[in-house]
Structures are given as structure tokens and as C-alpha cells.
*Asks:* 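Could you have a look at this structure, given as C-alpha cells, before my questions?
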Amino acid sequence: MELMTAYPRHRVRSVQMLDGVWDFVYLGDDADLAALSTDALRFGERAAVPSVYDASPAYAGRRGTAVYRTFVASTPGTRARVHFHGLGLWCRVLVDGQAVAENSLPYSGFWADVPPAEQPLRELLVVVDNRFDPERVPLFEQFFDFYAYGGIYRSVEWHEVAPVCIERARVTTLDLSDGTIQVDVTLNGQDLPQSIDITTSIDGGESATWRDCKVVDGAARLQLRVPEPTLWSPSTPNLHTIQVAIEGDDIVERFGLRTVAASEHEILLNGEPVKLLGYCRHEAHPQFGPALPHAQLVQDLQLLRDLGCNFVRGSHYPQDPRFLDLCDELGFLVWEESLGWGQKAAHFERQSFCDAQVEQTTLMVRNSANHPCVIMWGFLNEGESNSEASVPLYTRLVETIRELDPTRLVTYATNRPFNDLNLALVDVVSVNCYPGWYASHDADPRPLGDVVPHIHRLLAHMAEQGLGDKPFILSEIGAGAIYGWRDPLAAHWSEGYQADYLELVCREAVTNDRVNGLALWQFCDCRTYASPRALGRPRAFNNKGTLDEYRRPKQAYETAKQVFRTGRRELGSTHSPK
Ligand code: ADA
């Protein structure tokens, strides 16, 4: 049985995919969550799962509490685990009236453990709340420049599991040349054994049994060889699978054999320099918010491939695992980051905020570790990284990531490059900047002359600071354009200004050896808040997409495509997606 929409999958374990249509009730904008009773709710409506209620016509823009309900046929006396692939902003999960989990980490994949019961039909309720509350939901606040939706963003699965089951089997490439891998099998359950028998099968081939594997800190470690190893790269995105089984349970993980490293001035993939060319992308659509249909994920990657890109920065939160699966299959390189946007010193001084950051970052690394497409971890987009108060949290996050995963690069996007205090900590220096867009030349309708000199200033500054040997990524740069606005002056907000702007930026990124990566801001327009920045965000959208929110290309689409594609040919890179 392999019904799941994303890896890992299971063949032995019984898994029910709960996506579909559930009962639904909206409780209003002022429910008291502490006193909330779910006993006598009247579910008068239906809602799709996944979906967000505040993008739907009935509850557009509302901030409040909603309850989703479904019933699950379950084997009496068997424990279960509900796998949520991501929701927001906050939820409480109840099974048969008992609260089994709460979660306040928007976009994170997490599990709710369900004790066994005798009844064969179990009621699953998910209370979701999308009100801003920095105490309850420390990671998402209203000042962010993208919309905070309420609902079940991604798939939900019901797993029936043995008392001791497998949480994950994490695969690490040890030797590319002979396909040696390390597999860390993490177990889940009340009483974990001291040792365990494990059976493995790679690519559906012959099984091998490993007797009495020592369980240390809840995990057993194996070292084995992929019988017919093939390298993963953007141009040859070969994938392998491993089924790992213990008594009464199994997991099928998919992985790729590849290495990533940062050497002087370069990002190395499988030992060869690679230039990252692509976009920052929000998981967003006007009708679905972040609950994107699978078809949209595929279409977005078709467009990115057509544009000649090999790189996506998953801005600004842990990614949909279905999207990462597709990136694995198609050969895109991904920067994944935990949720953050412009947090200030006061945030870094709050313990609950820091702990939530670390918790979400930890979950992200654990959840995505087997995706070969993910080559870089990030966090705290545009945090106040020039404040002394930032240093302990930035240090803690870098250390946490390195301890969990020493095989990938660590970075974060700074918009304070000239006085940032944390850049020495990371493998890759990544800078967000908008020269020529947020410009201060009152009289110049087209301050394009600001763009390239600014990039050169950034590079010179990094060299002066002794950071010149680290790879350098332009992690955001761009200009806004309103779809359809063609202006004879080609001034700000016109498709023409954006096209000219992106042409300069793309050329610079392609031709300048010191620029190792470019993630243009942004792939498509996305909804944000009007009130605090009404003049800068016409339509209450961030309009810097090369495509609009319905993925209709603006003029810059052809421009960027032309430069990326020619550039890639000139670079002679084999690192283009398949
Ligand atoms: C920042 C931020 C983006 C977006 C962008 C903009 O760099 O990281 O999320 O808000 O600015 O459009 O100004």
C-alpha cells in the first residue's frame, strides 16, 4: 500500500490518506480557545482538506477559529499516529473528544499520537485558529510581507502503528564512488528495545537482515551499499529507494547520491562548481492560499524549467514535501528555510520565540533530510542580524543545523550586509537587496544605474570583511510590475521597468564569477497586507513576480529566460534540470 502523496511511504504499515471533504464549522472571530468545548458543535458546512478557509469566498479574510471533522475506520486496540504535513496558524487535534496534540508551528510537518481504543470508528477533529498572537504563535506576525492563512495547508494521513514503529530512516551518502550510505533508523514508541532486527531492500532488490542492531538514543545505524549506484545531479536526477522493515512495520524512503560543499568562492555539487540561477517562491495562489493543488506544483516547476532555472529558494518557510519530491525528480536545487521575516532584537530576546525557531528548524531538517534537491538550510529571513541580541540565536540555529545535518550548507538571507554580525557563522553569504527599486532619486523615473554598482559594492565589502572566500548568493533582488501595465516611460511598476531591471541583474549574476547564486524576488505575485504599506503594495499583493498570481507571464519572463538560458549554455554547465 503506497497511498501517501509524498515520501516516505509504507508498504506494510496501514496508512489512510484523509484528504478529501470534511465537515466544517467556523466558530467566529472571538472564540476563547482555553474554554473551547467541541462537544456540541453543529457541523453545517463542508470543507476540502487540504484547504484554507480564509481564501474561500465564504470566509475570505476572516481571522478566527474553525473546526474540521472527519471519521476514520481504525482497528480496535491499535495505536495510531496522525501525520499532518503542514497547517496554520495554530491547531488542536482531538480524537474521540480527547485532545491529543497542539501545534503552533505554521507550515511544519508534525505527528499527533493517538492512544488505542475499542471503537472501530474514530472521530478526528482539528481546531484551527488563524488569529495573530505572538505568545501562542510566536513565528508568524502581521507585519510580514505575505498573507498568514488559516486552515489545513497540506495532506493528512492516519497511520496504524505497532507499539514500536519506525519514525524515519535517514540516508546519508558516505562514498559517492561506490554508493556507500549510512542509514539512521529512528524508532517511535513507549518502550524501545536495546537492540532490534532490521531488514532492508534497496531499489526493490534482494532483502538483507541485520540482526540485533544496537538502539542508541532511539535510533539504530546501518552502513550499506547501493548495489547499482547512480549519481543524483540536476541533469541526471537519479533516485534510489530503500525499504526498511522491523517486526510489524516498515518505511520506504527515497534518496539521491550526491554531495554538496562550499570551497573557496564556490558551491560544489558532486565536487563540481555549480551556479544557482532561479527564484524565490512563495507557496501561494489567490484561490488556494498555500494549499496548492498538485497540478500547480507541477506547473510552477514547468515554468521554472522553461525559464532556464536550476534553483528555488523556498521563501520563507518549510516546503510542501510534494514540492520537494518533484524537485528531486526534476533536478532542481533548493534552499529550504524555517519561518521568519524581519524579526527584531526584541524577538531574539524572547525565549518562546527562540525556542519555536529552533523547534521548527529542527523539524524542517529532520523532515527534509532525504531530499537530494535540498542543498542548503536557511532561517530568519531579514532578521535584525546587526543587533547584538541576534548573535545567540543565530549561533544556536547554525549549531543546531550542523549537529543535525553536517552534509549541507547553512545560510540565511540578510538585508543588513554592511553591518551584519553573524555572517562569519555560515557557509554561504546571502544578501537581499533592492537597488534601483527602493531608490531615493526623486527625479529619476528609471534608477537602473544603481543596480550593478550596488552588487559590486556588496562583493567588495564582503572581501574587506574577510568573507570573500565564502560563496555569495543574491538571495533576493527584484522590481515590482503590475501585470498588463505597459508604460511608454517604462517607469516603476511597469512591466518594462521590471524587464529591464531583471535583465541587468540576471546578466550580472551569469557573468560575474563571484556571484554563485541568484534567487530573483520573486516567482509570482502573492497576497500580502495593504494597511501598513499601502503605497508599496498596490492590490494588497507583492507585485514583484515575474508571473502574476495566476502564473500569467509578465514581460520580464522572456527577458529572464533569454539571459538564464544563454548564460547557462555559455557557462557550459551540466547543472540544468533534466
Ligand atoms: C524582503 C523580503 C521579501 C519581500 C521583499 C520586498 O526582501 O524578504 O519577503 O518582502 O523584501 O518585496 O520588498
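Just follow the structure's listing: the first ligand is 1, and inside any ligand the first atom is 1. Throughout, residue positions are numbered sequentially from 1 according to the sequence presented.
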*Asks:* Within 45° of the six-membered ring axis of Tyr483 and under 6.0 Å from that ring's centre, is NZ or CZ of Arg552 located there?
*Replies:* yes
*Asks:* Distance check, rounded to the nearest 0.5 Å: Tyr147 atom OH versus His282 atom NE2?
*Replies:* 14.5 Å
*Asks:* I need the contact residues for ligand 1: any residue with a non-hydrogen atom closer than 4.0 Å to the ligand, ordered by chain then number.
*Replies:* Asp145, His316, Trp341, Asn381, Glu382, Asn432, Tyr434, Tyr438, Glu476, Trp521, Arg537, Asn542, Lys544
*Asks:* Sequence neighbours excluded, which residues qualify as side chain to side chain contact (heavy atoms under 4.5 Å, CB included) partners of Pro50?
*Replies:* Asp19, Ala291
*Asks:* Under a 3.5 Å threshold, yes or no: a donor from one side chain and an acceptor from the other, between Asp420 and Tyr394?
*Replies:* no
*Asks:* If you measure from OG on Ser494 to CZ on Arg446, what distance do you get to the nearest 0.5 Å?
*Replies:* 7.0 Å
*Asks:* When the ring planes of Tyr26 and Tyr59 are compared, do they come out parallel, tilted or perpendicular, using 30° and 60° as the limits?
*Replies:* tilted
